[in-house]
Protein chains: 2
Amino acid sequence: MTTAPATMRGPVQRAIEVCPVEVSIAVLGGAWKLSTVKYLLERTHRFGELQRRLGTVTPRTLTRVLRDLETDGIVVRTVYAEVPPRVEYSLTDLGRSLDQVVGWLNAWGDAYPSSAG
Amino acid sequence: MTTAPATMRGPVQRAIEVCPVEVSIAVLGGAWKLSTVKYLLERTHRFGELQRRLGTVTPRTLTRVLRDLETDGIVVRTVYAEVPPRVEYSLTDLGRSLDQVVGWLNAWGDAYPSSAG
DNA sequence: CAGTATCCTCCGCGATACTG
DNA sequence: CAGTATCGCGGAGGATACTG
């Protein structure tokens, strides 16, 4: 129904054997992934935009993050045949279905350190 | 207010510099962590119980997972001076505050593969 | 029962430099 | 602008064996 991954990444496959929450972590865990989704929930972004908003991510890492999210059916990559090159990243239906989840995790992470000293 | 970590693990510290969602991932990301929390939301568990319910986790890994969750203020470890030894793991207030999050992630992960082939 | 001790492998992620 | 190419390190997580 929603957008579906063509091939399944290893970590995701293995997670399915364990528990649904492990599937979520296999897809969304790892640095920069949820931050990227969070920005894409806001609006479509270009590669450089994402890089600047994320702050300290390297191009290589951001590329892999976006490729993973694309493989997992979260992100769609659109290339425009222009000069200079323009590539836009947006969310699939499945990606947009993360709206609530991202909201909760953002709120929980935001409240987290306040309980510490 | 809720239970607070005494010391802060490196990944969590670094995540704070980036985005609240990265904090959540720093605490909850990684294999077995959310599954463990999910079972502990159900009720208190002993070490061996958790190991059996998780299925294929090694003792070494489960120990580290539980120590991390303890350091991060999610889990409480209670040792009973008995023979044979008995150790029980339960959630802190902060850990219990993950109820909703775990529910969402479990539901999302459960629906995830159905959209694929 | 509830872990430790050792060892080892994979790969996530960063640093740096280069390109169509 | 939007990446790729190379290199390297640290740490997550498994395999196996042992212990208070």
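Below, all heavy atoms of this structure are taken into account, side chains as well, without hydrogens, waters or symmetry copies. All of these numbers come straight from a predicted model, not from anything done at the bench. A note on names: the letters A, B, ... follow the listed sequences, proteins ahead of strands, and every chain is numbered from 1.
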Short side-chain N/O contact to D:dG14 OP1/OP2 from B:Thr61, under 4.0 Å: yes
B:Thr63, nearest nucleotide to its side chain (from C:dG3, C:dC1, D:dT4): C:dG3
Nucleotide of D:dG3, C:dC13, C:dG3 approaching B:Val87 most closely (side-chain heavy atoms): C:dG3
Test item: A:Arg67 side-chain N/O and A:Leu62 main-chain N/O as donor-acceptor pair under 3.5 Å: no
Heteroatom pairs (N/O) under 3.5 angstrom, protein to nucleotides 6-12 of chain C:
| unit_1 | atom_1 | unit_2 | atom_2 | d |
| --- | --- | --- | --- | --- |
| C:dT6 | O4 | B:Arg60 | NE | 3.4 |

Modelled atom types, side-chain donor and acceptor of B:Ser97 and A:Trp108, under 3.5 Å: yes
Strand DNA chain C in bracket notation, Watson-Crick/G-U under 3.5 Å with | for pairs to another chain: ||||||||||||||||||||
Residues A:Arg53, A:Glu42: salt bridge by 4.0 Å N-O rule: yes
Nearest-nucleotide 5' precedence on DNA chain C, B:Leu66 against A:Thr56: B:Leu66
Closest to side chain of A:Arg46, choosing from C:dC1, C:dA15, D:dA2: D:dA2
Distance-only polar pair, side chains of B:Thr44 and B:Glu88, donor-acceptor under 3.5 Å: no
Earlier contact from the 5' end, DNA chain D, for B:Lys33 and B:Pro85: B:Lys33
Protein-nucleotide distance (A:Glu82, atom CD; D:dA2, atom P), rounded to Å: 10 Å
Under-4.0 Å side-chain N/O to phosphate OP1/OP2 contact, A:Tyr89 with D:dG3: yes
Nucleotide of D:dC1, C:dG3, D:dA2 approaching A:Arg77 most closely (side-chain heavy atoms): D:dA2
Atom-to-atom span, CZ of B:Arg67 to C1' of D:dA12 - whole angstrom: 17 Å
Nearest-Å distance for atom pair CG/C1', residues B:Leu54 and D:dG13: 14 Å
Comparing A:Pro59 and A:Gly29 on DNA chain C - which has the more 5′ nearest nucleotide: A:Gly29
